[in-house]
Amino acid sequence: MAAPQAIQNQLKKEARYGCVICGCPVLEFIDFNRTGIQVDESSRQKVFLPENMVAICPSHNKKFQTGEIDPTFLASSKNSPFNKIHDDLAFATTSSNELTISLGGCTFVNTSRLLVVDDFDLINVRRIDRSLLVLDVNFFNKNNQLVGIILENSWSSERSKIGDWAIEYLRPKRLIIGNRRESMSFEARIENGNDLRILADGLCYSSQKIQITQNEVLMEDREIGADIKGTVLTNYDVGIRAESIIF
């Protein structure tokens with residue numbers, strides 16, 4: 001059972017929206033001493049105790065579950081999270097001014113809703129505290145199943161086995177998410193301190209494949225956003241808006 005949104009938000013804020021161990025901006029929320037989640041005997045509902053919980057990336061969560069990371073280390077990391085100690089390595093921009101995002105040959109400034117298909121947001125990026133990046137990404141497979149979700153940096157993948165996913169946060173400030181079973185990949189990296197570039201392959205919507213390269217956004221080999229390619233768009237409501245193809 002997932003922690004309530006209010007508790008997730010509390011844990012994300014105290015960790016500055018990154019894994020307390022490595023700063024990865026894709027997060028799960030765990031009880032590090034097995035007492036953070038209890039059952040209220042009167043209501044038989046789970047009660048979450050945020051003081052015994054921590055925000056951690058899926059890779060380090062896996063190591064915790066297999067005993068490679070002990071609770072004492074997590075408790076210490078909760079009190080001294082990576083992004084507070086190494087703020088220069090957090091998934092954040094160095095400037096508090098404009099956020100510039102490159103997506104398939106298009107450049108968007110201060111535009112959060114980057115890719116919308118059939119009025120459904122697939123990729124959304126915004127900032128909090130004037131620098132930290134917050135991601136919303138919906139991962140659909142070819143069968144139109146939602147197999148992974150990033151929502152305000154919180155990670156969920158109920159339809160896929162945890163082993164299907166590889167989530168890495170590389171230096172400097174490069175997030176890579178892959179699912180070999182679904183032939184799916186997503187990359188978001190910060191360049192020059194303040195520019196975010198997004199690449200993807202194997203994402204789908206309405207069973208149609210979406211690919212984001214350096215110079216194109218393709219949906220079933222049909223380029224979308226071609227009319228704005230090469231331009232710089234500022235303060236737009238939506239970056240690239242497209243309609244799926246009805247077969």
Is it true that [X] and [Y] have a side-chain N and a carboxylate O under 4.0 angstrom from each other?
X	Y	value
E220	K142	yes
R241	D119	yes
E98	R127	no

For the residue pair [X] and [Y], establish whether any side-chain heavy-atom pair is separated by less than 4.5 Å.
X	Y	value
W155	L27	no
C19	Y169	no
F140	S207	no
C24	S59	no

> Tell me the side chain to side chain donor-acceptor pair (under 3.5 Å) pairs involving residues 73-84, sequence neighbours left out?
Replying inline: E14-K78
I need the [X] [atom1] to [Y] [atom2] distance, nearest 0.5 Å.
X	Y	atom1	atom2	value
I224	M219	CD1	CE	6.0 Å
L103	I123	CG	CD1	6.0 Å
D227	C106	CG	SG	8.0 Å
I150	N124	CD1	CG	11.5 Å
F108	N235	CZ	CG	12.5 Å
D70	F32	CG	CZ	11.5 Å

> Relative to each other, are the rings of Y205 and F120 parallel, tilted or perpendicular (30° and 60° limits)?
Replying inline: parallel
Using the rule that Ile, Leu, Val, Met, Phe, Trp and Tyr join whenever any side-chain heavy atoms are under 4.5 Å apart, tell me whether [X] and [Y] fall into a single cluster.
X	Y	result
I228	I210	yes
L151	V147	yes
V134	V238	no

